[in-house]
Amino acid sequence: PSAPPTTVEIDAQDVVRVVLQWARESGLDATAAALGREARVALNAPPGGRAALLADVRRGRWDAVLPTVATLELPRSVLESLYELVALEMAESRERDTARALLRQTEVMAAMAQSQPERHERLERTVGAAYFDAREAYGAGGREARRETLAEALKRECVDAPPGRLLALLGHALKWQQSVGALPAGAARFDLFAGAAAAATDTQERAKREAPCVRPARRTRVAAKGQHAECLALSPDGALLAVGSSDGFIELRDVGTGKLRADLQFQAEDAFMMHEDAVLALAFSRDSELLATGSADGAVRVWKALTGAQLRRYDAAHAGGVNSVVFSRDNSHVLTAGGDGVVRVHGLRSGRLLKELRGHDGAASSAVYSEDHTRIYSAGRDGMVRVWDAKTGDNLLSFGPPKGTDGASAATTPDLTLALHRGPAGSADGLLVAMRGTAELHLMSIDGELVRTLRRETRDIGKSDKEKDATGRTVANLFSACCSSAAGEFIYGATQSGALVCFARDGREEGVAEGVHEGGDVLALATHPHANRIYSCGTDAKLTITEP
C-alpha cells in the first residue's frame, strides 16, 4: 500500500473564511467586511445555520429569511428569484402595498427593472391585479415548488460553518503538541506567538485574580423610574452584558462600566430588543452570537445579540412566566423552565416543542444541562431538584437540600434555584443550590449528595420590622441569589438586604460587601467568565459591579 501523504494542503480561501468567522463571532463586523472585500472572499454562512435558513424558505418565513440573506453575498439571479417570490406571496396575501414597496424601493428589484423590464412589468401587473391567479403567478408547480427551487439555489451558495472553528482548530493543534511532548501536559495557558506555554503571571496579579470580590466598584441605573432589572447574563467570550428589566426591555451594556452600549447601532437608534411583559430570564449561546430571553407572559425569543435582530419566537412557551432559559451546546435547542411547573426543550431551527419534562409540584424556577449534555437538572418551588435523561426525558433522580436548619417556618414555601458549580480545574463538579429566603446555600454532588452547607456568620443587624421577615429572621442573613466565581475558588450569595457574601469552597466566610444594593433585594448574580468580577441587579434599579 502507498504511504500516507506527509503534507496536507489547505485552500487559502478557507483560511480567510475561518478568520472571517472568528471576526464575526467576536463582533468585529467592520473588520470582517474589510477583510472580505480585500481578499475577495465571502463566508456565506447564515448566522443561524444553513438548515435553518432553508427551512424558513420552505415555510415562507420571509421575516426571518430576508434579514439573514442580507448578511450573505449572493448572485443577483438568486436575489431576484427571492424578491420576486416574496412579492408574489405578499400579493396573494392581499398585502399589495408591501409587495409594491418591495418592487419599487429595493435595489435588487430596481436593477431588475433596468435589466429585465418585461419581467418587472409582469410582476407589477400581477401585484396590481384585482384577482390573484396563483397558477399564472407561480407556474405549473405552484408556490411550494417555487420555494423548493429557491431553497436549492440558496443551498448551493451557502455553507455550514460550525461555531468557533478557529479556536477549535487551535485547540486541536495544542492537544497534538501536548501528545508529542512539545507542550507541557500541565500547561493551562499558551503563548501563540512564542510557541510555548505562557509565562506565569506575577504574584500580585494572580492574587488579585483569586481574591474575593467584596468591593462595589461601579453602580449604574439600568431601568426607568418605577422599574427595575430582573435578570442579567454575560456572554461566554466576556464581551457582552445583557440586562432584562421589568418593563420588558433588554439592554446590552459595557462589561467594564455597566453603561449602555451606544456603539451598537440598534441601541443607538432606540430599536431595543424587548418583550411585552417583564423579562425574567436571559442566556447567551456558547459562541456568544445568540441571546435567548424569557418573559413573565410565557414568551421566549431568540435574538442575534450584536444586531438585535429577532431570529425565533415562541409566544406560548409556558402557561406561566419563563423563569430560566439556556442554549444547548450546539445551539440547536433552547431549554426553559416555567411557572407552569414544566421544563421544555424547544427546537431552535424548527421552532417546535421537542420535549416536555413534567414532575415538579409548582413552578419550575431553573433548569441547566449537565457538562456532557446527557442530563438536565431542574429545580422548583416544590423544594426538589430533578434529574432527567436529556435524550429520553425520563426522570432519573429527585433530591432536595436539607430543610429547616436555619429556623425557617415549616409553612415557608420553598423556591429552589440551581447552577452548575465549576471547580478550580474548570469542569462542572457539582450543583450550587439555593433555597430563596433561607440563610443557607448548598453545594451538592451531581448525584444529589450534600457536599457542604454554607451559612452566613450570625449577624443580627435588624433594627426595624423592615429588616425582619414574617418569621422574625434577619433579612440580612437570607439569600436570594447565588453564583460561583470564574476560577471556581469562591461561592457568592446575595441577601435580601442587598449584601454580597463570599464563601471559600471549604465553607469559610471570606468577606461581605454590605450595601451592594441599598434598600433592595438582589434579584440576580452573574460572574464574568474571564475576569474577577461579580455583577448583580436588584429592586433598587441598579446594576452593581463588585471587584476585589
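One is the number of the first residue; the rest follow in order along the sequence. Just the heavy atoms: all of them, side chains too, but no hydrogens, waters or symmetry mates, feed the values below.
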Checklist entry - Looking only at heavy atoms, which two atoms of Ala486 and Ala531 are closest? And how far apart? => result CB-O, 4.3 Å
Next on the checklist: Measuring only between side-chain heavy atoms, which start at C-beta, is Leu102 closer than 4.5 Å to Val108?
Outcome noted: no
Checklist entry - Has Trp62 got more than 12 heavy atoms of other residues, nucleotides or ligands less than 6.0 Å from its CH2? => result yes
Item to check | Glu157 versus Leu74, closest heavy-atom pair with distance | outcome: CB-CD2, 3.6 Å
Next on the checklist: Tell me whether Asp372 at atom CG has more than 12 heavy atoms from other residues, nucleotides or ligands lying less than 6.0 Å away.
Outcome noted: yes
Item to check | Value rounded to 0.5 Å, distance of CD in Glu84 from OG1 in Thr126 | outcome: 9.0 Å
Checklist entry - Got a donor-acceptor contact below 3.5 angstrom from the Ser370 side chain to the His373 backbone? => result yes
Next on the checklist: Show the nearest heavy-atom pair for residues Ile545 and Val255, with the distance to one decimal.
Outcome noted: CD1-O, 3.9 Å
Checklist entry - Do other residues, nucleotides or ligands put more than 12 heavy atoms under 6.0 Å from Lys355 NZ? => result yes
Checklist outcome for this item: In short, ring-ring contact (aromatic ring centres under 6.0 Å, His included) pairs touching residues 299-322 with sequence neighbours left out are Tyr314-His346
Checklist entry - Can any side-chain N or O of Arg96 pair as donor or acceptor with the backbone N or O of Ala129 at less than 3.5 Å? => result yes
Item to check | Check against side-chain contact (heavy atoms from CB on, under 4.5 Å), Arg344 and Arg358 | outcome: CA-CA 9 Å; Arg344 292 188 169 97; Arg358 296 179 177 270; 3.6 Å; yes
Checklist entry - Rounded to the nearest 0.5 Å, how far does CZ of Arg59 lie from CG of Leu54? => result 11.0 Å
List, one per line, each side-chain donor-acceptor pair under 3.5 Å for residues 262-269, sequence neighbours excluded.
residue	atom	partner	partner atom	Å
Asp263	OD1	Arg261	NE	2.8
Asp263	OD2	Arg261	NE	3.3
Asp263	OD2	Arg261	NH2	3.1
Gln265	NE2	Glu269	OE2	3.0
Gln267	OE1	Leu252	N	2.7
Gln267	NE2	Leu252	O	3.1
Gln267	NE2	Arg261	O	2.9

Item to check | Any side-chain heavy-atom pair of Leu357 and Asn395 under 4.5 Å | outcome: no
Next on the checklist: Please report the interatomic distance NE2(His360) to CZ(Arg381), rounded to the nearest 0.5 Å.
Outcome noted: 13.0 Å
Item to check | Backbone N/O of Val159 and side chain of Asn44: donor-acceptor pair under 3.5 Å | outcome: no
Checklist entry - Stepwise, does the side-chain contact (heavy atoms from CB on, under 4.5 Å) test hold for Asp315 with Arg301? => result CA-CA 8 Å; Asp315 289 328; Arg301 295 181 182 176; 4.3 Å; yes
Checklist entry - Sub-3.5 Å donor-acceptor pair from the side chain of His275 to the main-chain atoms of Asp277, do we have one? => result no
Item to check | Backbone of Val18 reached by a side-chain donor or acceptor of Arg165 within 3.5 Å | outcome: no
Next on the checklist: When you compare the side chain of Leu523 with that of His228, does any pair of heavy atoms fall below 4.5 Å?
Outcome noted: yes
Checklist entry - OG1/Thr106 to CD/Glu80 distance, rounded to the nearest 0.5 angstrom? => result 10.0 Å
Checklist entry - Do we see a donor-acceptor contact under 3.5 Å between the side chains of Glu118 and His120? => result no
Checklist entry - Counting only N and O atoms by type, is there a donor-acceptor contact under 3.5 Å from the side chain of His528 to the main-chain atoms of Gly238? => result yes
Next on the checklist: Keeping Arg533 on the side-chain end and Thr527 on the backbone end, is there a donor-acceptor pair under 3.5 Å?
Outcome noted: no
Next on the checklist: Applying side-chain contact (heavy atoms from CB on, under 4.5 Å) to Leu348 and Ser332, what does each step give before you reach the verdict?
Outcome noted: CA-CA 5 Å; Leu348 185 54; Ser332 63; 5.7 Å; no
Checklist entry - Would you find a donor on one side and an acceptor on the other, under 3.5 Å apart, between the side chain of Tyr535 and the backbone of Gly258? => result no
Next on the checklist: Is any side-chain heavy atom of Leu166 closer than 4.5 Å to one of Gln21?
Outcome noted: no
Checklist entry - Is there a donor-acceptor contact under 3.5 Å from the side chain of Thr220 to the main chain of Lys259? => result no
Item to check | Closest contact, heavy atoms only, Leu53 versus Leu72 | outcome: CD2-CD1, 4.2 Å
Checklist entry - Between Ala363 and Asn323, which heavy-atom pair has the shortest distance, and what is it? => result CB-ND2, 4.3 Å
Item to check | Nearest-0.5 Å distance, CG of residue Leu354 to CG of residue Leu335 | outcome: 11.0 Å
Item to check | Greater than 12 external heavy atoms within 6.0 Å of Arg58's CZ | outcome: yes
Checklist entry - Would Tyr138 and Leu85 count as a side-chain contact (heavy atoms from CB on, under 4.5 Å) if you check the C-alpha gap in whole Å, the side-chain angles of each, and the deciding distance to 0.1 Å? => result CA-CA 8 Å; Tyr138 297 122; Leu85 181 55; 3.9 Å; yes
Checklist entry - Can you list the residues that meet the salt bridge (Lys or Arg N to Asp or Glu O under 4.0 Å) rule with Lys304, with sequence neighbours excluded? => result Glu289
Checklist entry - Is Ser285 reaching over with its side chain to a backbone N or O of Leu290, donor-acceptor style, under 3.5 angstrom? => result yes
Item to check | Under 3.5 Å side-chain donor-acceptor pair for Ser246 and Gln227 | outcome: yes
Item to check | Residues forming a salt bridge (Lys or Arg N to Asp or Glu O under 4.0 Å) with Arg61, sequence neighbours excluded | outcome: Asp56
Checklist entry - If you draw a 6.0 Å radius around CZ in Arg286, do more than 12 non-hydrogen atoms from other residues or ligands fall strictly inside? => result no
Checklist entry - Does the side chain of Ser288 reach to within under 4.5 Å of the side chain of Leu240, using non-hydrogen atoms? => result no
Next on the checklist: Taking salt bridge (Lys or Arg N to Asp or Glu O under 4.0 Å) as the definition, give me every residue that meets it alongside Arg329, ordered by chain and number, with sequence neighbours left out.
Outcome noted: none
Next on the checklist: With heavy-atom distances below 4.5 Å as the criterion, would you say the side chains of Leu241 and Leu543 are in contact?
Outcome noted: yes
Next on the checklist: Could you report the tightest heavy-atom contact between Gly248 and Val279, atom names first, then the distance?
Outcome noted: O-CG2, 3.5 Å
Item to check | Residues which pass salt bridge (Lys or Arg N to Asp or Glu O under 4.0 Å) with Asp254, listed by chain and number, not counting sequence neighbours | outcome: none
Checklist outcome for this item: Rounded to the nearest 0.5 angstrom, the CG-CZ distance for Asp270 and Phe249 is 8.5 Å
Item to check | Any Met273 side-chain heavy atom under 4.5 Å of Thr293 side chain | outcome: no
Checklist entry - Do the non-hydrogen side-chain atoms of Val322 and Leu280 ever get within less than 4.5 Å of each other? => result no
